Amino acid sequence: VEVEGTDRRRSFWGWGNEQDHLPPPAVGRLASTLGERLGADMRVRRPPRLEEIELRRSRVSPPAALDAILTEDRFERCLHSYGRSFRDVQRASRGDFSRPPDLVAFPRDADDVARLLDWCSSLRFAAIPFGGGSSVVGGVEPDVGDSYGAAISVDLARLGAVEEVDTVSRAALVQAGAFGPAIEDQLRPHGLTLRHFPQSFEFSTLGGWIATRSGGHFATRETRIDDFVEALSVVTPAGRIETNRYPSTGAGPAAESLFLGSEGVLGVVTGAWLRLHERPIFRARATIGFAQLEAAMATVRAIAQSALEPANCRLLDPAEAQTAGAAEGSQFVLMIGFESSDHPVVPWLARALELCRDHEGQVVEQTSEGEPGGRGRGRRGRGEPARGAGPGAPAADAWRQSFVGGPYLRDALVLCGAVCETFETAVTWDRFEKLHAAVLAATRDGLEDAAHGAGFLTWRLTHVYPDGVAPYYTVVAAGRAGSELEQWATIKEAATEAILSNGGTVTHHHAIGRDHRAYVERERPPLVSAALSAARRVLDPATICNPGALLRPGAGKEPA
Ligand SMILES: Cc1cc2nc3c(=O)[nH]c(=O)nc-3n(C[C@H](O)[C@H](O)[C@H](O)COP(=O)(O)OP(=O)(O)OC[C@H]3O[C@@H](n4cnc5c(N)ncnc54)[C@H](O)[C@@H]3O)c2cc1C
């Protein structure tokens, strides 16, 4: 299948594009720096080659009626075998593609999706919706058990258009396979933006965001994709669902909620009407240093509860700030930013800085754009969003670069033999301190057990709310060749236990997939699991949609 709109340069085993991976000399330097830091001997592996991968034969051939949209192509089957978590990249980089999809489908429209689901239902083949494949929780892995005759990865890449823009209501109809940059490129001529920027923005899609309830990088206000979804189109094995566009409705439980976070188990999202924003032109930001965690947290809470609603309010621990090149490593670093398409925001920043000073924060840098008299670049043309933090903001720029380049660095660390992964949660303010202390202690114990202490842990706050906060942790440890997955499992188990027993959720924005499924049962009321299973029984009677993700295998088959 010649796939228009898909990018053949994608790495079949790691993040993003092949040509953007760190070159071998840089990986070598990384290995020696890391080896020194961990006191370990890091041996660099070369990346896998497609032609060396042992790929089992597909168990099924495309039927004539679907031949135009199904492929057995080797590259596609490998690319669709995994998401992009540490576990995924670790296995893929070692050439382990033992559970590939039998075929990959590239439907051209909703009719193709319906035909495909009919075919899968009639033969009881698993159908696994695939957007950008950036899942970090086993969401797209064809690990569906033996009761399915085949596994078909359903890639929405051909559904990548912004189909209609309603400039009056400021909304757009977007197909589910549209990647982040394509959405923004198509909205830019209208002076509009979705303003949803997960770290995976470049390689993830609208359908994936909806199916996982993704979180964008703005710290407050509308940040989760849920906030932008006005109406949805879904193809389920039982039929199609189109919800109506309303700015709001009190007509019972919202139909969209059933599919937000449904992770492909109730059908395939094919498109959505999305609420949009005008592109911001006024910006004001600052970086503030704090000597003590308590003072930094008190400031963040004061800002979160002030109704100032900054676009960015990200606290980095000293080690994370140092790793990102945003500070020298002795202080907690708070990055705060405001933006608007309508009015100057310097007064908002000024008030936030007063709150910082109340808690002995020291302003390290400050900049503004679009503001009369601002020290920044001056007023921008509409539709030209600033990418960096503006002039005079080296700490914020350094952070941004490390944020965007981080996934490539992670893959290089895997090639150096490191165990390297992140995990995150959200917790109410009253329970943060205890949870955070427990997570740090448990993760360090996990690092001791798994890597004899040859590792480190950094953290940051990614999202702040009036009633709580979302901490995000990064672990890097010396791997033992062949045992990296077990090492990570030990650390993850210890950290997750600390999260769940201290009032945190198993995930703030990485979703459930297969990896968190057993854990989510501990926070999801059993009757809710039963109700979801019942919904699945109605929408997907043959239980073919992404079996094993979100719900336990077989959920929906038997009466709840
Ligand atoms: C480096 C990195 C950074 C990340 N940063 C963030 C972040 O900032 N915020 C965040 O929320 N997440 C983040 N993630 C996780 C991931 O990017 C999100 O879960 C994202 O929403 C997945 O989108 P996708 O298009 O890649 O979906 P996929 O990974 O392809 O699929 C994810 C799940 O959604 C289902 N699905 C996909 N498309 C559809 C569809 N059309 N209909 C029904 N089901 C579908 C799949 O079956 C699967 O269960 C990150 C991941 C990586 C690797």
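Keep in mind that this is a model prediction, so the values were computed, not measured. As the structure lists them, so they are numbered: ligands from 1, and atoms in each ligand from 1.
Residues T270 and Q175 bring no donor and acceptor atom of their side chains to less than 3.5 Å of each other.
A cation-pi arrangement is not found for R84 relative to F203, the charged atom failing to lie both closer than 6.0 Å to the ring centre and inside a 45° cone about the ring normal. Both the sub-6.0 Å distance and the 45° axial angle are satisfied by R124 relative to the ring of Y148.
Ligand 1 lies less than 4.0 angstrom from a heavy atom belonging to W15. Residue contact annotation: G133 has a non-hydrogen atom under 4.0 Å from ligand 1. Ligand 1 has no atom lying under 4.0 Å from any heavy atom of A511.
Contacts of N546 with ligand 1, taken as heavy-atom pairs under 4.0 Å, involve the side chain alone. At a heavy-atom cutoff of 4.0 Å, ligand 1 is contacted by the side chain of P407 but not by its backbone. Within the 4.0 Å heavy-atom criterion, both parts of V269, backbone and side chain, lie near ligand 1.
Taking the centre of each ring, H510 and H516 stay at or above the 6.0 Å mark.
Among G406, G271, A211, the residue whose heavy atom lies closest to atom 36 (N) of ligand 1 is A211. Of the listed residues (A176, A272, G267), the one carrying the non-hydrogen atom nearest atom 43 (C) of ligand 1 is G267. In the candidate list G216, G264, P129, A549, P129 is nearest to atom 47 (O) of ligand 1, counting heavy atoms.
Residue R94 holds its CZ atom at 8.5 Å from CG of L485, rounded to the nearest 0.5 Å.
Here the options are H277, R188, E184, the test is side-chain hydrogen bond (donor to acceptor under 3.5 Å, both in side chains), and the partner is T193; only E184 passes.
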